[in-house]
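A short write-up of the structure that comes next.
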Number of protein chains: 2
Amino acid sequence: MASTTPAVIASEETAKPRRADAQRNYDKLLAAAREIFREHGAQASLDDIAKRAGVGPGTLYRHFPTRDDLIDAVMREWSEDVDSDSDEVIAAGLDAQETLRTWFGKFVENIGVYRGAAAKVMSAMDDESSPIYRKCQVLVGANDKVLTHLAGRGELRDGVDSREVMRLVSGIATVADQSHLSVDESTPMLDIVIQGILRDPSAP
Amino acid sequence: MASTTPAVIASEETAKPRRADAQRNYDKLLAAAREIFREHGAQASLDDIAKRAGVGPGTLYRHFPTRDDLIDAVMREWSEDVDSDSDEVIAAGLDAQETLRTWFGKFVENIGVYRGAAAKVMSAMDDESSPIYRKCQVLVGANDKVLTHLAGRGELRDGVDSREVMRLVSGIATVADQSHLSVDESTPMLDIVIQGILRDPSAP
DNA sequence: ACCTGAACACCGTTCAAGT
DNA sequence: ACCTGAACACCGTTCAAGT
């Protein structure tokens with residue numbers, strides 16, 4: 001179980017001082033991006049986002065030089081939600097199987113809010129140059145917390161690596177996303193993974 | 001285990017009668033597409049393909065109205081390779097674990113030839129309107145053959161659905177593709193899935 | 001320091017003209 | 001029946017001019 005440094009992140013966009021109009025445009029762009037991403041997925045037209053925000057396209061590029069920078073900003077509070085989900089799941093005191101079902105289910109559900117986001121997270125996990133990389137670290141850390149908790153109680157098979165599990169689950173989220181599966185329809189896949197990492201119930 | 005109708009497919013593109021020059025252009029386009037897809041992935045510029053083939057862009061659209069039609073054609077013999085792989089694996093007489101390792105490994109390796117192909121296969125699996133859908137049926141059928149073979153020997157857990165396994169493995173292939181993982185680096189994920197579908201060794 | 005919007009570049013797609 | 005390539009449309013990206 002690879003331990004990941006706990007992700008303590010100051011909210012970067014509020015920390016940075018900005019002129020009042022710039023801040024207003026930043027906020028309008030983020031709100032517009034959330035709307036449009038929700039409607040058309042993470043590959044939506046950036047021009048449409050600028051239009052919806054009522055600013056020129058240049059303004060969008062000033063604040064978010066690449067599409068991934070914009071996605072990263074949109075994902076901020078969302079990744080914090082996922083992180084707090086992991087704490088809740090651990091605190092709930094469910095058995096190992098239910099813990100994983102709940103955790104993986106929430107993960108897939110959250111990541112599926114924006115179409116295309118799952119694929120982004122999936123590939124950014126191993127790409128340090130991606131603006132989303134740091135956000136992924138939060139998710140990796142949250143997942144590691146849950147698995148370490150179960151491993152500490154001897155509930156996992158030997159040699160289970162939380163990064164591999166994370167890759168798998170984000171892969172499932174991507175399948176669910178691209179095939180337009182509901183959360184329920186992704187549980188059979190999640191159950192296979194859960195069977196694959198839980199120690200056999202027969203062994204005490 | 002859902003049984004799929006065995007995929008008997010006549011080579012459609014040789015069956016269709018064409019003018020000699022049209023056939024030549026068709027062949028040149030396919031060859032160019034294979035080259036360019038191999039270099040730049042399945043999202044490569046269609047214009048580049050037409051240029052490499054030495055034909056006008058209109059000719060490409062005449063033969064392949066959509067990008068997926070072109071990908072479908074490029075995948076033809078490739079999907080036949082995968083299908084014959086499944087027969088070889090079954091005939092090899094390996095134990096259940098090695099059978100799955102070999103089969104899944106070949107699957108991921110084959111699907112990874114063109115970047116972006118795994119994602120295409122993944123989403124086309126559940127999309128009947130996709131030109132690639134039929135090709136996916138070949139893969140689904142091949143995978144079902146292998147799993148049915150193991151299920152017949154009582155090696156699989158109850159309730160394992162080959163379609164779900166196929167979704168999972170194509171998801172892993174997509175992760176491997178987008179994260180630029182080697183085949184070796186994807187085996188930990190495959191092993192988790194294998195553990196998840198194999199009956200416990202302890203139970204006779 | 002920031003915004004605007006015209007301008008450019010790139011690429012997918014169509015279609016009139018040609019054989 | 002098929003091919004060509006100019007033309008169009010769309011969208012991401014840049015940058016000179018303006019505040």
Side-chain angles (χ1 to χ4, degrees), chain A residues 12-33 35-37 39-74 114-116 119-120 129-132, chain B residues 12-33 35-37 39-74 114-116 119-120 129-132:
Chain A
E12 294 149 18
E13 79 279 27
T14 48
K16 184 188 294 185
R18 258 188 282 249
R19 235 168 54 176
D21 58 343
Q23 182 66 45
R24 200 162 0 98
N25 282 337
Y26 183 98
D27 293 341
K28 283 195 289 186
L29 280 166
L30 252 180
E35 283 181 30
I36 302 240
F37 281 163
E39 292 165 17
H40 299 102
Q43 281 82 36
S45 159
L46 297 180
D47 223 46
D48 286 353
I49 292 174
K51 280 200 189 92
R52 173 93 47 117
V55 305
T59 305
L60 191 155
Y61 282 89
R62 163 162 280 269
H63 289 292
F64 308 102
T66 71
R67 177 185 295 272
D68 280 1
D69 285 307
L70 181 54
I71 292 175
D72 180 68
V74 164
Y114 303 111
R115 268 176 295 140
K120 287 280 181 191
S129 72
S130 166
I132 314 178
Chain B
E12 293 148 18
E13 79 279 28
T14 47
K16 183 188 292 186
R18 259 187 281 252
R19 234 168 55 177
D21 57 344
Q23 181 65 45
R24 200 162 2 97
N25 282 336
Y26 183 99
D27 293 340
K28 282 196 290 186
L29 280 165
L30 254 180
E35 282 182 32
I36 302 239
F37 281 162
E39 291 165 18
H40 299 102
Q43 281 83 34
S45 160
L46 297 179
D47 224 45
D48 285 353
I49 293 173
K51 279 201 191 90
R52 174 93 47 118
V55 304
T59 305
L60 191 155
Y61 282 90
R62 162 162 281 269
H63 288 293
F64 307 102
T66 72
R67 178 185 294 271
D68 280 1
D69 285 308
L70 181 55
I71 293 176
D72 180 68
V74 164
Y114 304 111
R115 267 177 297 141
K120 286 281 180 190
S129 71
S130 166
I132 314 177

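Residue numbering restarts at 1 for every chain, and letters A, B, ... go by the order of the sequence lines. For clarity, every value in this text was computed on a predicted model and none was experimentally measured.
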Item checked: Set of salt bridge (charged side-chain N to carboxylate O under 4.0 Å, His left out) partners for Arg67(A), sequence neighbours left out ->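 Scan of Arg67(A) (salt bridge (charged side-chain N to carboxylate O under 4.0 Å, His left out), adjacent residues dropped) gives none.
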Note to self: When you measure from the side chain of Asp69(A) to the backbone of Thr66(A), do you find a donor-acceptor pair of N or O atoms at a distance under 3.5 Å?
What the structure shows: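 It does hold such a pair.
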Notebook entry, point to check: Is Arg52(B) reaching over with its side chain to a backbone N or O of Lys28(B), donor-acceptor style, under 3.5 angstrom?
Noted result: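 It does not hold such a pair.
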Item checked: Test applied, side chain to side chain donor-acceptor pair (under 3.5 Å); reference residue, Gln23(A); option that passes from Asp27(A), Asn25(A), Asp21(A) ->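 Of the listed options, the one satisfying the test is Asp27(A).
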[atom2] on [Y] to [atom1] on [X], rounded to 0.5 Å:
X: Tyr61(A); Y: Leu70(A); atom1: OH; atom2: CG; result: 10.0 Å
X: Ile132(B); Y: Ile71(B); atom1: CD1; atom2: CD1; result: 5.0 Å
X: Lys120(A); Y: Ser130(A); atom1: NZ; atom2: OG; result: 7.5 Å
X: Glu35(B); Y: His40(B); atom1: CD; atom2: NE2; result: 11.5 Å

Item checked: Heavy atoms from other residues, nucleotides or ligands near NE2 of His63(A) exceed 12 (cutoff 6.0 Å) ->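 It does: His63(A) NE2 has more than 12 such atoms within range.
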Next item on the list: Residues of residues 55-64 of chain A with any non-hydrogen atom less than 4.0 angstrom from an atom of DNA chain C: list those, numerically ordered, please.
Entry: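 Per residue number, the list reads Val55(A), Gly56(A), Pro57(A), Gly58(A), Thr59(A), Arg62(A), His63(A).
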Can you tell me how far [atom2] of [N] sits from [atom1] of [X], to the nearest Å?
X: Asp69(B); N: dG12(C); atom1: CG; atom2: P; value: 15 Å
X: His40(B); N: dC10(C); atom1: NE2; atom2: C1'; value: 15 Å
X: Lys51(A); N: dT4(C); atom1: NZ; atom2: P; value: 14 Å
X: Gln23(B); N: dA1(D); atom1: CD; atom2: P; value: 17 Å
X: Asp21(B); N: dT4(D); atom1: CG; atom2: C1'; value: 12 Å
X: Lys28(B); N: dC3(D); atom1: NZ; atom2: C1'; value: 11 Å
X: Ile49(A); N: dT13(D); atom1: CD1; atom2: P; value: 12 Å
X: Asp27(A); N: dC2(C); atom1: CG; atom2: P; value: 14 Å

Note to self: Taking only side-chain N and O atoms of Asn25(B), does any of them lie within less than 4.0 angstrom of OP1 or OP2 on dC3(D)?
What the structure shows: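 Asn25(B) to dC3(D) OP1/OP2: side-chain N or O found under 4.0 Å.
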Note to self: OP1 or OP2 of dG12(C) versus the side-chain N and O atoms of Ser45(B): is any pair under 4.0 Å?
What the structure shows: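 Yes, Ser45(B) has a side-chain N/O under 4.0 Å of OP1/OP2 on dG12(C).
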Check: Contact class for Asp48(B) vs. all strands (heavy atom < 4.0 Å): base, sugar-phosphate, or nothing?
Finding: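 No contact.
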Checklist line | Candidate nucleotides dC3(C), dC11(C), dT13(C), ranked by approach to the side chain of Ala22(A) - the nearest | finding: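 The nucleotide sitting nearest to the side chain is dC3(C).
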Item checked: Closest nucleotide among dG12(C), dC2(C), dT13(D) to the Asp47(A) side chain ->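 Of all the options, the side chain of Asp47(A) is nearest to dT13(D).
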Checklist line | Partner nucleotide, any strand, of dT14(C) [Watson-Crick/G-U, under 3.5 Å] | finding: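 Pair assignment: dT14(C) / dA6(D).
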Notebook entry, point to check: For dA1(C), which nucleotide in any strand shown is its Watson-Crick or wobble partner with both distances under 3.5 Å?
Noted result: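 dT19(D) - that is the nucleotide pairing with dA1(C), both distances being under 3.5 Å.
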Item checked: Check: Phe64(A) and Leu46(A) side chains under 4.5 Å, non-hydrogen atoms ->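 They are not in side-chain contact.
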Can you tabulate the close N/O pairs, meaning under 3.5 Å, that link protein atoms to atoms of nucleotides 17-19 of chain D?
none

